[in-house]
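The chains referred to below are lettered A, B, ... by the order of the sequence lines, with proteins before strands, and numbering in each begins at 1. We use all heavy atoms of the structure for the numbers below, so side chains are in, but hydrogens, waters and symmetry mates are not.
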Amino acid sequence: MIKLVYNGKEKSYDDWIVPAKVLADLQVVDVSSVVAVELDGKVYDLMRKIPPGAYNLSLITADSEKGLEVMRHSCAHVMAEAIKQLFPGTKLGVGPTIENGFYYDVLPPTQIRDEHLPKIEEEMRRLVQKNSRFERIEKPRDEALDIAKKAGEDFKVEIINQIDPKDSLSFYKDGDFMDLCRGPHIPSTSWIKAFKLTKISGAYWKGDEKNVMLTRIYGIAFDTEDKLKKHFELLEKAKEIDHRKLGMKLDIFSSDLNIGPGLTLWHPNGAVIKYLIEKFWYDLHLNCDYQIVSTPHIATEDLFKISGHLENYKDFMYGGFETDNRTYRLKPMNCPFHITIYRSTNRSYKELPIRYAEMGTVYRYEKGGVMHGLMRVRGFTIDDAHVFVAPDQVEEEVNRIYDLTLNFLGRFGFKGLETQLSTRPKEFIGTIEEWNSAEKSLENVLKGRGVKYGVELGGGAFYGPKISVYIKDSLGRSWQCSTIQLDFNLPQRFKLQYADKTNTQSRPIIIHRALMGSVERFIGVLIEHYEGKFPYWLAPVQVKVLTVGKDAEEYAKEVQKILKDNSVRVKLDSSDDRIGGKIRVAIDEKVPVIAVLGVKESQERSANLRIRGSEKQTVVKLSELIQFLSSVNS
RNA sequence: GCCAGGGUAGCUCAAUGGCAGAGCACCGCUUUCGUAAAGCGGGGGUUGUGGGUUCAAUUCCCAUCCUUGGCUCCA
């Protein structure tokens with residue numbers, strides 16, 4: 001017995017039935033764009049037999065997100081088929097849809113390169129035109145294994161062996177091509193309307209470096225050509241605001257062969273931005289009862305032996321160098337240093353929480369291939385702090401830190417932050433009770449605030465659970481930003497103590513936390529977030545003064561001095577360009593305020609202002625200029 | 001680290017087994033101008049680096065460095 005409810009209408013069947021027939025029976029109008037259906041949230045092909053039961057039925061249309069997903073998955077199949085045609089003997093890995101398209105991991109007998117993509121596309125177009133139906137074929141496990149083995153699909157064999165024996169196995173067949181797949185798929189290949197293969201890369205089987213490397217071919221598909229075109233236009237736009245491009249254009253930062261990969265040179269413009277952010281950070285922390293500390297960039301290996309870094313983090317640490325018969329290392333983290341300050345004297349419960357904060361510059365040896373502009377570098381500054389608390393202070397302190405985080409990030413106008421709670425991993429130190437109580441504290445804080453958060457089970461560090469906040473860049477990639485991490489490990493390793501009320505020596509818990517994570521990455525995200533148009537308070541040059549003709553130069557200098565005396569970051573352009581040219585340059589530099597000064601302004605003792613984003617001219621009296629600027633909020 | 005692209009003037013990009021080019025930027029001169037580029041002239045290159053093939057290499061080959069995208073979003 002099958003019972004289906006759609007749009008208030010109900011339909012029952014005694015025998016087997018497929019969704020396509022149901023839609024016909026229900027006389028659903030405009031089924032022409034329906035690629036699949038959803039039965040109680042589970043996606044079914046139009047021609048898949050519905051198992052007995054009662055379901056709510058809803059439609060999936062080609063232009064919907066789910067419809068696109070189904071179609072892209074089918075497109076991946078067609079691509080795999082095309083590749084097998086052009087590269088006989090190719091073994092197939094997996095071919096899922098991804099956020100922005102699809103890929104298929106394959107192991108071809110000969111290398112597939114960029115130049116082959118158009119040929120594969122051509123073959124795909126041929127297959128799409130054949131309009132082969134996608135047919136679902138369910139097979140018992142033994143038979144499925146047999147099919148995969150005979151086809152020489154070693155990876156599929158591995159996949160089948162991994163699948164829960166209780167689950168049924170299915171293949172999908174379109175034309176002469178059959179592939180192990182759980183589906184669902186579009187009814188037939190001609191539903192693929194617009195697609196393009198975008199790139200090739202290597203990808204380890206199951207993402208494990210120890211496994212064989214497969215060739216991953218990426219593609220994107222849409223239900224209309226127009227959407228495909230728009231997709232690429234969007235990518236173009238994203239390129240325009242890429243922090244690496246803007247970083248160079250706006251003269252913010254660079255790197256250099258002779259300095260080394262992953263090491264950043266902050267140009268004057270970038271260094272001002274960095275300074276302003278750090279200044280805001282310091283002020284905020286001093287206000288919130290943090291104590292600023294400052295520690296060296298290097299330390300002897302002895303320190304990192306105690307901290308465990310040499311044992312657990314060695315691969316990421318820059319090599320040691322000898323001085324006076326002792327080996328020194330660049331610091332990859334600030335914690336051992338702050339802890340050493342804590343240890344410099346006896347501590348009492350009355351002092352706790354102790355909050356040490358530092359803009360601590362660290363160096364980590366990142367693998368060659370993972371570096372990315374400012375987002376992933378080898379030398380960076382953590383806006384680090386370590387808070388030493390008694391166990392019963394954890395929750396309140398985490399709450400304070402969360403407040404501080406929102407307060408800080410709010411200044412930059414970030415929306416769409418994502419929060420994640422990471423819990424006890426398989427390997428951990430400390431007791432289960434400690435962990436449970438620590439996780440509970442973090443959870444209480446998030447719940448108490450009504451924060452939406454994801455849980456990453458087992459994602460915590462071996463020494464404690466954590467809360468992470470992610471921000472998104474222009475391409476939608478998430479970057480870890482704030483992190484609040486509990487630590488039972490280092491207090492043990494360094495034998496930290498404080499005298500409690502009964503004068504017993506107790507062990508504090510350390511909370512590691514950073515609001516930006518890495519200042520470099522944060523500024524990278526900011527550049528893209530603002531599209532290079534830094535708000536007035538952060539702009540390297542806040543006001544650019546342009547002269548019209550030589551006669552205004554004296555007056556312009558006077559205005560410049562007034563602005564400078566009032567701590568406005570001002571730049572004067574008195575070159576002999578025409579005013580149109582100077583404005584063009586200033587706009588390119590994305591300066592928030594342009595002040596045009598000519599003879600007229602000089603006589604009136606005024607300034608003709610252009611605020612970024614508008615062509616409107618605003619005339620302000622010189623005596624009111626500073627007042628006016630303080631209201632600029634762009 | 002691994003796979004696939006790329007590296008030509010400060011930037012964006014052209015070209016070719018036979019003298020390496022343009023625009024912008026820079027410098028000089030002319031112009032002194034009113035809201036998104038005034039005109040003319042000039043300097044600037046061991047084509048990432050090292051090696052090989054060749055009469056001849058920026059081009060072809062090898063190595064190396066840097067850089068871009070990617071390296072479980074699982075049938």
Side-chain angles (χ1 to χ4, degrees), chain A residues 69 73 76-77 80 92-105 107 111-117 139 144 148 153 155-164 167-172 179-183 198-218 235 239 242 244-245 248-249 251 254-262 315 365-373 475 478 546-553 574-588 594-601 608-610 614-617:
Chain A
E69 224 173 274
H73 188 195
H77 271 237
L92 301 179
V94 298
T97 49
I98 50 176
E99 198 175 316
N100 250 326
F102 61 86
Y103 68 78
Y104 216 116
D105 283 346
L107 185 64
Q111 211 173 39
I112 299 179
R113 302 155 140 278
D114 273 2
E115 64 204 66
H116 297 120
L117 292 185
K139 292 282 182 197
E153 294 289 4
F155 301 111
K156 300 291 181 185
V157 171
E158 200 177 324
I159 290 166
I160 294 172
N161 281 327
Q162 258 178 19
I163 293 171
D164 192 328
D167 291 348
S168 70
L169 290 164
S170 59
F171 289 82
Y172 275 79
D179 190 11
L180 178 75
C181 179
R182 66 176 158 203
T198 49
K199 61 201 165 201
I200 295 181
S201 76
Y204 298 104
W205 172 236
K206 291 181 180 167
D208 190 335
E209 273 181 57
K210 290 180 203 85
N211 289 338
V212 60
M213 176 161 282
L214 306 177
T215 303
R216 175 168 297 180
I217 301 173
Y218 287 88
L235 284 186
K239 258 192 214 162
D242 187 303
R244 290 163 301 184
K245 185 165 179 169
M248 183 174 63
K249 203 175 136 195
D251 202 11
S254 68
S255 59
D256 185 89
L257 221 75
N258 292 325
I259 305 286
D315 290 348
Y365 178 79
E366 297 283 355
K367 282 195 221 166
V370 302
M371 254 112 50
H372 177 87
L475 290 166
S478 277
L546 314 181
T547 53
V548 184
K550 261 207 175 82
D551 297 338
E553 224 175 303
S574 57
S575 64
D576 57 3
D577 263 351
R578 266 144 231 253
I579 190 64
K582 293 189 201 182
I583 285 175
R584 164 83 195 244
V585 170
I587 289 174
D588 265 0
I594 296 170
V596 176
L597 305 182
V599 175
K600 200 170 127 215
E601 285 75 17
N608 187 318
L609 305 182
R610 237 176 112 125
S614 164
E615 287 176 34
K616 207 180 95 192
Q617 297 175 33

Practice problem: Look at all strands and tell whether A:L92 reaches a base, only sugar-phosphate, or nothing, counting heavy atoms closer than 4.0 Å. | Solution: nothing
Quiz item: Which of parallel (below 30°), tilted (30 to 60°) and perpendicular (above 60°) describes A:Y172 and A:H77?
Solution: perpendicular
Quiz item: Which nucleotide in the list B:rG34, B:rU31, B:rU35 gets nearest to the side chain of A:R610?
Solution: B:rU35
Exercise. Identify the residue among A:D105, A:V212, A:L92 that makes a side-chain contact (heavy atoms from CB on, under 4.5 Å) with A:F155.
Key: A:V212
Quiz prompt | Distance test, side-chain N/O of A:R578 to OP1/OP2 of B:rU32, below 4.0 Å | solution = no
Exercise. Answer yes when A:K550 and A:D576 have at least one side-chain N-carboxylate O distance shorter than 4.0 Å, and no when they do not.
Key: no
Self-check item: Atom C1', compared across B:rA57 and B:rG52: separation rounded to whole Å
Solution: 11 Å
Quiz item: Think A:R182 has a side-chain N or O under 4.0 angstrom from the OP1 or OP2 of B:rA75?
Solution: yes
Self-check item: From B:rU32, B:rG69, B:rA37, nucleotide with atom closest to A:R244 side chain
Solution: B:rG69
Quiz item: Rounded to the nearest 0.5 Å, what separation is found between the CZ atom of A:R610 and the CD atom of A:Q617?
Solution: 7.0 Å
Self-check item: Among B:rC3, B:rA36, B:rC33, the nucleotide that comes nearest once only the side chain of A:S201 is considered
Solution: B:rC3
Exercise. Please state the C1' separation for the pair B:rG23 and B:rG6 - nearest whole angstrom.
Key: 22 Å
Quiz prompt | Earlier contact from the 5' end, RNA chain B, for A:M213 and A:I579 | solution = A:M213
Quiz item: Across the strands shown, which category fits A:L257 at heavy-atom distances under 4.0 angstrom: base, sugar-phosphate, nothing?
Solution: sugar-phosphate
Quiz item: Of the nucleotides B:rG1, B:rU32, B:rG70, which has the atom closest to the A:E209 side chain?
Solution: B:rG1
Exercise. Indicate, with a heavy-atom threshold strictly under 4.0 Å, whether A:V94 touches base, sugar-phosphate, or nothing.
Key: sugar-phosphate
Exercise. For A:K156, report the nucleic acid contact type (base, sugar-phosphate, nothing); a contact means any heavy atom under 4.0 Å.
Key: sugar-phosphate
Practice problem: Using whole Å, report how far CG of A:D242 lies from C1' of B:rU67. | Solution: 13 Å
Self-check item: Pairing partner (Watson-Crick or G-U wobble, both distances under 3.5 angstrom) of B:rC26
Solution: B:rG42
Quiz item: Expressed in angstrom and rounded to an integer, what is the separation of A:L169 atom CG from B:rC74 atom C1'?
Solution: 15 Å
Quiz item: Roughly how many Å is it from CD in A:E553 to P in B:rC33, rounded to a whole number?
Solution: 13 Å
Quiz item: In whole Å, what is the span from the CH2 atom of A:W205 to the C1' atom of B:rU72?
Solution: 9 Å
Quiz item: Considering all heavy atoms of both residues, which atom of A:K582 and which atom of A:S575 are nearest to each other, and what is their separation?
Solution: NZ-O, 2.8 Å
Exercise. Please measure how far the P atom in B:rU35 lies from the corresponding atom in B:rU12, and state the result in whole Å.
Key: 32 Å
Self-check item: Distance between P atoms of B:rU16 and B:rU59 (Å, rounded)
Solution: 14 Å
Self-check item: Touch class at under 4.0 angstrom, heavy-atom based, for A:R216 against every strand present
Solution: sugar-phosphate
Quiz item: Choosing from B:rA75, B:rC33, B:rC71, which nucleotide comes nearest the side chain of A:V548?
Solution: B:rC33
Quiz item: Among B:rA75, B:rU32, B:rA37, which is the nearest nucleotide to the side chain of A:D576?
Solution: B:rU32
Quiz item: Does A:V596 or A:Y365 map to a spot on RNA chain B nearer the 5' end, using the closest nucleotide for each?
Solution: A:Y365
Quiz item: Using a cut-off of 4.0 Å on non-hydrogen atoms, how would the nucleic acid contact of A:K582 be classed: base, sugar-phosphate, or nothing?
Solution: nothing
Exercise. Tell which nucleotide pairs with B:rG6, taking only Watson-Crick or G-U wobble pairs whose two distances are both under 3.5 angstrom.
Key: B:rC66
Self-check item: Pairwise P distance for B:rG48 and B:rU8, with rounding to whole Å
Solution: 6 Å
Quiz item: Donor-acceptor pair under 3.5 Å: do we get one between A:E601's side chain and the base of B:rG34?
Solution: yes
Quiz item: Separation of A:N161 atom CG from B:rA75 atom P, in whole Å?
Solution: 16 Å
Self-check item: P spacing across the pair B:rG42 / B:rG5, given as an integer number of angstrom
Solution: 42 Å
Quiz item: Rounded to whole angstroms, how far apart are NZ on A:K245 and C1' on B:rG10?
Solution: 16 Å
Quiz item: Hey, does A:D114 reach any base, or is it just sugar-phosphate, or nothing, if we go heavy atoms under 4.0 Å?
Solution: sugar-phosphate
Quiz prompt | Atom C1', compared across B:rA20 and B:rG44: separation rounded to whole Å | solution = 13 Å
Practice problem: Classify the nucleic acid contact of A:G598 as base, sugar-phosphate or nothing, counting any heavy atom under 4.0 Å across all strands shown. | Solution: base
Quiz item: Within the structure shown, what part of the strands sits under 4.0 Å from A:F155 by heavy-atom distance: base, sugar-phosphate, or nothing?
Solution: nothing
Quiz item: Counting any heavy atom closer than 4.0 Å, what does A:N608 reach on the DNA or RNA strands: base, sugar-phosphate only, or nothing?
Solution: base
Self-check item: Rounded interatomic separation in angstrom, taking NE2 from A:H73 and P from B:rC73
Solution: 15 Å
Self-check item: Reported CD1-to-NE2 distance for the pair A:I200 and A:H116, which is rounded to 0.5 angstrom
Solution: 8.0 Å
Practice problem: Provide the distance between the two P atoms, one in B:rC60 and one in B:rC26, to the nearest whole Å. | Solution: 35 Å
Practice problem: Rounded to the nearest 0.5 Å, what's the gap from CG on A:L180 to CD1 on A:I163? Could you check? | Solution: 5.5 Å
Self-check item: Side-chain-base donor-acceptor pair under 3.5 Å for A:K206 and B:rU72
Solution: no
Practice problem: Drop me the distance from A:E615's CD to A:I587's CD1, to the nearest 0.5 angstrom. | Solution: 7.0 Å
Quiz prompt | Gap between atoms CG and P, on A:L597 and B:rU32 respectively (whole Å) | solution = 21 Å
Quiz item: Choosing from B:rC66, B:rC71, B:rU32, which nucleotide comes nearest the side chain of A:V370?
Solution: B:rC71
Quiz item: In terms of side-chain geometry, is the basic nitrogen of A:D208 or A:K206 positioned less than 4.0 Å from the acidic oxygen of its partner?
Solution: no
Quiz item: A:K199 side chain: which of B:rA75, B:rG69, B:rU35 is closest?
Solution: B:rG69
Quiz item: Considering every strand shown, what is the Watson-Crick or G-U wobble mate of B:rG1 when both distances are under 3.5 Å?
Solution: B:rC71
Exercise. Just name whichever nucleotide pairs with B:rU58, Watson-Crick or G-U, keeping both distances under 3.5 Å, else none.
Key: none
Quiz item: So what does A:V599 hit on the nucleic acid, given a heavy-atom distance under 4.0 Å: a base, only sugar-phosphate, or nothing?
Solution: base
Quiz item: Are A:H372 and B:rG69 close enough that a side-chain N or O sits under 4.0 Å from OP1 or OP2?
Solution: yes
